[in-house]
Amino acid sequence: MPPAQTTTIHPLLDLRHVGRSRTIVATPASELVDRLGRPLRDLRISVTDRCNFRCNYCMPKEVFGKDYPYLPHASLLTFEEIARIAGLFVAQGVRKLRLTGGEPLLRRNLEALVAQLALLKTVDGETPDLTLTTNGSLLTRKAAALKDAGLRRVTVSLDGLDDAVFRRMNDVDFPVADVLHGIDAALHAGLGPVKVNMVVKRGTNDDQVLPMARHFRGTGVVLRFIEYMDVGSTNGWRMDEVLPSSELLARLRAELPLVAIPAATPGETAQRWAYADASGRPDASQGEIGFISSVTEAFCGDCNRARLSTDGRLFLCLFARDGHDLRGLLRDGGTDDELASAIAGIWQDRADRYSELRADLPPERAEAPGARRVEMSFIGG
Ligand code: SAM
Ligand code: SF4
Ligand code: SF4
């Protein structure tokens, strides 16, 4: 059993070399766990709150119009600040770093940040699993440079294959062909296995589910279907627009030979299904698909993810209202030890499990507009 909550905050690691060298050697005295015994393994870093798409489930046009008050440049963490904070997280047990946004590829010279993060070492002495989630619109131009800088993999969000449906989903009339080129460019650059995330809204793009599955079958691309979530407070979420993964799976299994396979890593968000061969066993050449069922099957129990917002606040849950200000501490001259202690204390005090709590509510209350929550475009997926 993981250790119980402790209220004493103390530096867990020898962090004397952080900041001077980007190769951090750290030996955890004990594993950092939150109040529910969950370790800290995954840090998602939002590098911008801006986006060139207006997906209506994330940044609806009516709210994110041209007068929307995006963060001023001085509020953004610099690449050096991000790399320093990421180094401290990696030294505390984080193995996976994901760059996100807004649209991360809008941040100028993102390769320079990737290059800095690629120099970090986990507590096991490995390079962290360094990935990026993007809408794919700029990937054709950027894939090779990102790979050269040390990026390992990409996840591309794509909500349909039909051009008209896709243009409606991104709401800026962006053509699907350009995103498909971006995915090809990522594969060509060696940023595989590429994952494609599709948010499914009942009645809006659910007719794209089968075409998407057929299109990516056997290509090496892992397609994952995401239940439409009630993140933020601007997307007008309704339960009847959620297509539960169980229903989606039944639709797909009626047409395609799918067989369940186990999770690849602890805390993995997706339930995995492989295409089966004639004997019913997974056929590696045909690949797999995944389901991220954040609404109908909460997976808070092993949630090991922290999120760093563009302005340097640490959010402990996708549905959090507030974040913990690390930028203030950093810019006030906080030492690495002080920052590491703060991070450890914040994580040790974490008890968030929003999706599980919502799942326990009666349906009428699950849809009640809650207090303002952070927007997905602010902290990334
Ligand atoms: N702009 C990039 C992109 O779209 O990939 C990165 C940021 S975006 C906020 C990260 C992920 O969040 C995307 O895969 C997107 O589909 C997902 N997302 C945003 N709003 C969502 C919602 N309401 N429900 C489920 N997923 C959502
Ligand atoms: Fe932009 Fe990504 Fe949000 Fe779509 S999901 S609006 S691409 S940040
Ligand atoms: Fe993690 Fe919060 Fe999502 Fe639960 S609701 S899985 S705690 S991010």
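When reading the values below, keep in mind they use all heavy atoms of this one structure, side chains included, and skip hydrogens, waters and symmetry mates. Every number for a ligand or one of its atoms is a count from 1 in the order of the listing. Positions are given from 1, in the same order as the sequence printed here.
- Every heavy atom of Gly101 sits 4.0 Å or more from the atoms of ligand 2.
- Each of Arg54, Lys61, Arg167 was checked for a salt bridge (charged side-chain N to carboxylate O under 4.0 Å, His left out) with Asp173, and the lone residue meeting it is Arg167.
- The shortest side-chain heavy-atom distance between Leu252 and Ile289 falls under the 4.5 Å cut-off.
- For the pairing with Leu330, the side chain to side chain contact (heavy atoms under 4.5 Å, CB included) check across Leu88, Asp325, Ile85, Asp336 returns one residue only, Ile85.
- For ligand 1 and Thr100, the ligand atoms under 4.0 Å from any heavy atom of the residue are 6 (C), 7 (C).
- Using a 4.0 Å cut-off between heavy atoms, Thr133 contacts ligand 1 through both its backbone and its side chain.
- Using a 4.0 Å cut-off between charged nitrogen and carboxylate oxygen, Arg202 and Glu241 do not count as a salt-bridge pair.
- Scanning the protein heavy atoms around atom 7 (S) of ligand 3, the nearest turns out to be Asp352 O, 3.5 Å.
- Geometrically, ligand 1 and Asp159 share no nitrogen or oxygen pair separated by less than 3.5 Å.
- At the top of the distance list for atom 8 (S) of ligand 3, counting protein heavy atoms only, stands Leu318 N, 3.3 Å.
- Of the listed residues (Ser294, Gly136, Cys51, Gly101), the one carrying the non-hydrogen atom nearest atom 8 (S) of ligand 1 is Gly101.
- Residue Cys51: an N/O/S atom is found under 2.8 Å from atom 1 (Fe) of ligand 2.
- If you number the atoms of ligand 3 from 1 as listed, the ones under 4.0 Å from a heavy atom of Phe319 come out as 5 (S).
- Under 3.5 Å, the side chains of Ser245 and Gln271 contain no donor-acceptor pair of N or O atoms.
- The shortest contact between atom 3 (Fe) of ligand 2 and any protein heavy atom is with Cys58 SG, 2.4 Å.
- A salt bridge links Glu31 with Arg41: the distance from a Lys NZ or Arg NE/NH1/NH2 to an Asp or Glu carboxylate oxygen falls below 4.0 Å.
- With hydrogens and angles ignored, the 3.5 Å screen pairs a side-chain donor or acceptor of Arg327 with a backbone N or O of Ser75.
- Scanning the protein for heavy atoms near atom 1 (Fe) of ligand 3, the closest one is Cys303 SG, 2.4 Å.
- Thr155 and Arg98 form a side-chain donor-acceptor contact under 3.5 Å, judged by distance and modelled atom types alone.
- At a cut-off of 2.8 Å, Cys317 is not counted among the residues with an N, O or S atom near atom 1 (Fe) of ligand 3.
- Using a cut-off of 4.0 Å between Lys/Arg side-chain N and Asp/Glu carboxylate O, Arg313 and Asp322 are scored as not salt-bridged.
- In this structure, Met198 has no heavy atom closer than 4.0 Å to ligand 1.
- Listed by number with element, the atoms of ligand 1 under 4.0 angstrom from any heavy atom of Asn197 are 14 (O).
- Under a 4.0 Å N-O distance rule, the pair Asp230/Arg238 does not qualify as a salt bridge.
- For ligand 1, the atoms closer than 4.0 angstrom to any heavy atom of Cys58 are 19 (C), 20 (N).
- Given atom 4 (Fe) of ligand 2, the protein heavy atom at minimum distance is Cys55 SG, 2.3 Å.
- For Arg307, every heavy-atom contact with ligand 3 shorter than 4.0 Å involves the side chain, none the backbone.
- For ligand 1 and Tyr228, the ligand atoms under 4.0 Å from any heavy atom of the residue are 23 (N), 24 (N).
- Side chains of Asn52 and Ser137: a donor on one and an acceptor on the other come within 3.5 Å.
- Each of the following atoms of ligand 2 lies closer than 4.0 Å to a heavy atom of Gly102: 8 (S).
- Contacts with ligand 3 closer than 4.0 Å are made by side-chain heavy atoms of Arg305 only, the backbone lying farther away.
- In summary, the side chains of Arg307 and Ser46 do not present any donor paired with an acceptor at a separation below 3.5 Å, with no hydrogens or angles considered.
- Contact check on Asp34 versus Arg38 returns a salt bridge, with a Lys/Arg side-chain nitrogen under 4.0 Å from an Asp/Glu carboxylate oxygen.
- Partner Val90 forms a side chain to side chain contact (heavy atoms under 4.5 Å, CB included) with one of Leu117, Thr127, Leu120, Leu43 and no other, that one being Leu120.
- Here is the list of ligand 3 atoms found below 4.0 Å of a heavy atom in Ser355: 5 (S).
- No salt bridge links Asp42 with Arg95; every basic N to acidic carboxylate O contact stays at or beyond 4.0 Å.
- The ligand atoms of ligand 1 that sit less than 4.0 angstrom from a heavy atom of Gly102 are 1 (N), 2 (C), 6 (C), 7 (C).
- Using a 4.0 Å cut-off to heavy atoms of Phe53, the atoms of ligand 2 that qualify are 6 (S), 7 (S).
- Close contacts of ligand 2 with Asn135, meaning ligand atoms under 4.0 Å from a residue heavy atom, involve 7 (S).
- Between the side chain of Ser355 and the main chain of Ala298, no donor-acceptor pair closer than 3.5 Å is present.
- For atom 26 (N) of ligand 1, the nearest non-hydrogen atom from the set Val156, Val200, Val196, Val199 comes from Val199.
- The distance from ligand 1 to the heavy atoms of Asn135 drops below 4.0 Å at these ligand atoms: 2 (C), 3 (C), 5 (O).
- For ligand 1, the polar-atom distance check against Thr134 finds a nitrogen or oxygen pair separated by under 3.5 Å.
- With ligand atoms numbered from 1 in the order given, ligand 1 contributes 1 (N), 2 (C) to contacts under 4.0 Å with heavy atoms of Glu103.
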